[in-house]
Amino acid sequence: MNEKENKQLELDLRYIRMAKIWAENSYCKRRQVGAIVVKDKMIISDGYNGTPSGFENICEDDNGLTKPYVLHAEANAITKIARSGNNSDGATLYVTSSPCIECAKLIIQAGIKRVVYSEAYRLNDGIELLQRAGIEVVLAQDVQP
């Protein structure tokens, strides 16, 4: 691994750790997911899974199943960019869990060119769609304590 690749790996692991910390903001009990969007080495957005603004912060129903209107961390981060003056063309998305196919579609349309995740989800159709779209996808697992 050359110096440039090593530096990128260090940055990837740092931003993944930040996404993991951001996931702690989620009120979801089944799974907490965090996302950070970085462009030109600046964080331009962040998100975590949860209910839409103005809804109660309860993600699961009485049976423990995730409510259908819960937003994924990636969707929250991308829509936050839409409400700001920023754009995500060429950005990198750091997310604690691999994107589902619905989030993959949003990522493609948002112009994000790189996705780094730290944990594989049980379905990999989102990853396959991102790769088909020519988006670089990286599994970066932090091995530090």
Side-chain angles (χ1 to χ4, degrees), residues 1-53 55 57 59-61 64-145:
M1 184 180 295
N2 66 35
E3 189 176 332
K4 185 178 179 185
E5 290 171 332
N6 197 33
K7 179 71 174 165
Q8 186 61 60
L9 178 61
E10 282 181 33
L11 281 173
D12 287 349
L13 294 176
R14 188 172 300 136
Y15 285 126
I16 281 292
R17 286 194 302 272
M18 293 172 78
K20 286 179 181 177
I21 290 168
W22 203 244
E24 295 172 12
N25 288 313
S26 173
Y27 286 89
C28 297
K29 293 178 181 158
R30 288 182 72 204
R31 179 183 205 111
Q32 293 181 314
V33 180
I36 292 177
V37 181
V38 176
K39 184 174 178 179
D40 301 326
K41 296 185 182 176
M42 290 181 7
I43 296 171
I44 61 168
S45 190
D46 53 51
Y48 50 88
N49 58 324
T51 57
S53 298
F55 283 64
N57 287 319
C59 298
E60 293 82 15
D61 63 19
L65 299 173
T66 301
K67 293 178 180 178
Y69 54 84
V70 168
L71 288 158
H72 290 187
E74 306 94 314
N76 266 327
I78 290 168
T79 55
K80 203 184 254 190
I81 292 168
R83 293 184 74 177
S84 73
N86 289 321
N87 75 68
S88 49
D89 279 340
T92 298
L93 171 74
Y94 293 89
V95 61
T96 57
S97 184
S98 58
C100 70
I101 195 152
E102 293 301 317
C103 288
K105 290 189 274 187
L106 291 174
I107 291 164
I108 293 164
Q109 291 301 96
I112 292 169
K113 294 300 177 204
R114 191 165 179 268
V115 174
V116 180
Y117 67 99
S118 61
E119 180 183 305
Y121 185 59
R122 60 183 169 84
L123 300 174
N124 65 346
D125 51 355
I127 295 295
E128 290 171 0
L129 185 64
L130 292 171
Q131 290 170 333
R132 184 174 165 201
I135 294 172
E136 181 185 354
V137 180
V138 178
L139 172 60
Q141 294 176 314
D142 195 345
V143 292
Q144 298 176 10

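- Under a cut-off of 6.0 angstrom, the local environment of NZ in K29 is sparse, with at most 12 non-hydrogen atoms contributed by other residues, nucleotides or ligands.
- Taking 4.5 Å as the limit, every side-chain heavy atom of T92 sits out of range of all side-chain heavy atoms of Y15.
- Two residues are said to be in side-chain contact when any heavy atoms from C-beta on lie closer than 4.5 Å; L11 and R14 meet this criterion.
- Put simply, the side chain of S97 never gets that close to the backbone of V33: no donor and acceptor are under 3.5 Å apart.
- The side-chain heavy atoms of H72 and V95, taken from C-beta on, include no pair separated by under 4.5 Å.
- Residues D12 and R114 meet the side-chain proximity criterion, which asks for heavy atoms closer than 4.5 Å.
- Not a single donor-acceptor pair under 3.5 Å links the side chain of D40 to the backbone N or O of M42.
- Between the side chains of N76 and Y48, not a single donor N or O lies within less than 3.5 Å of an accepting N or O.
- Annotation: side chain of N86 is not in contact with side chain of S45 (no heavy-atom distance under 4.5 Å).
- Between E102 and K105, some side-chain heavy-atom pair lies under the 4.5 Å cut-off.
- Atoms OG and CD, on S98 and E119 in that order, are 8.0 Å from each other to the nearest 0.5 Å.
- Put simply, CG on N2 and CD on Q8 are 11.0 Å apart, with the number rounded to the nearest 0.5 Å.
- A 4.5 Å side-chain heavy-atom check between S118 and L139 finds every atom pair outside the cut-off.
- Distance check: N87 CG to I81 CD1 gives 8.5 Å after rounding to the nearest 0.5 Å.
- Note that CG of D125 and CD1 of I101 are 4.0 Å apart. Values are rounded to the nearest 0.5 Å.
- Looking only at distances, no side-chain donor or acceptor of T96 sits under 3.5 Å from a matching main-chain atom of K20.
- With contacts defined as side-chain heavy-atom distances shorter than 4.5 Å, the pair E74/L93 qualifies.
- The local environment of CD in E5 is crowded, with over 12 non-hydrogen atoms from other residues, nucleotides or ligands closer than 6.0 Å.
- Using modelled atom types, no side-chain atom of N49 and backbone atom of S26 make a donor-acceptor pair closer than 3.5 Å.
- Within a 6.0 Å sphere centred on CD of Q109, other residues, nucleotides and ligands contribute 12 heavy atoms or fewer.
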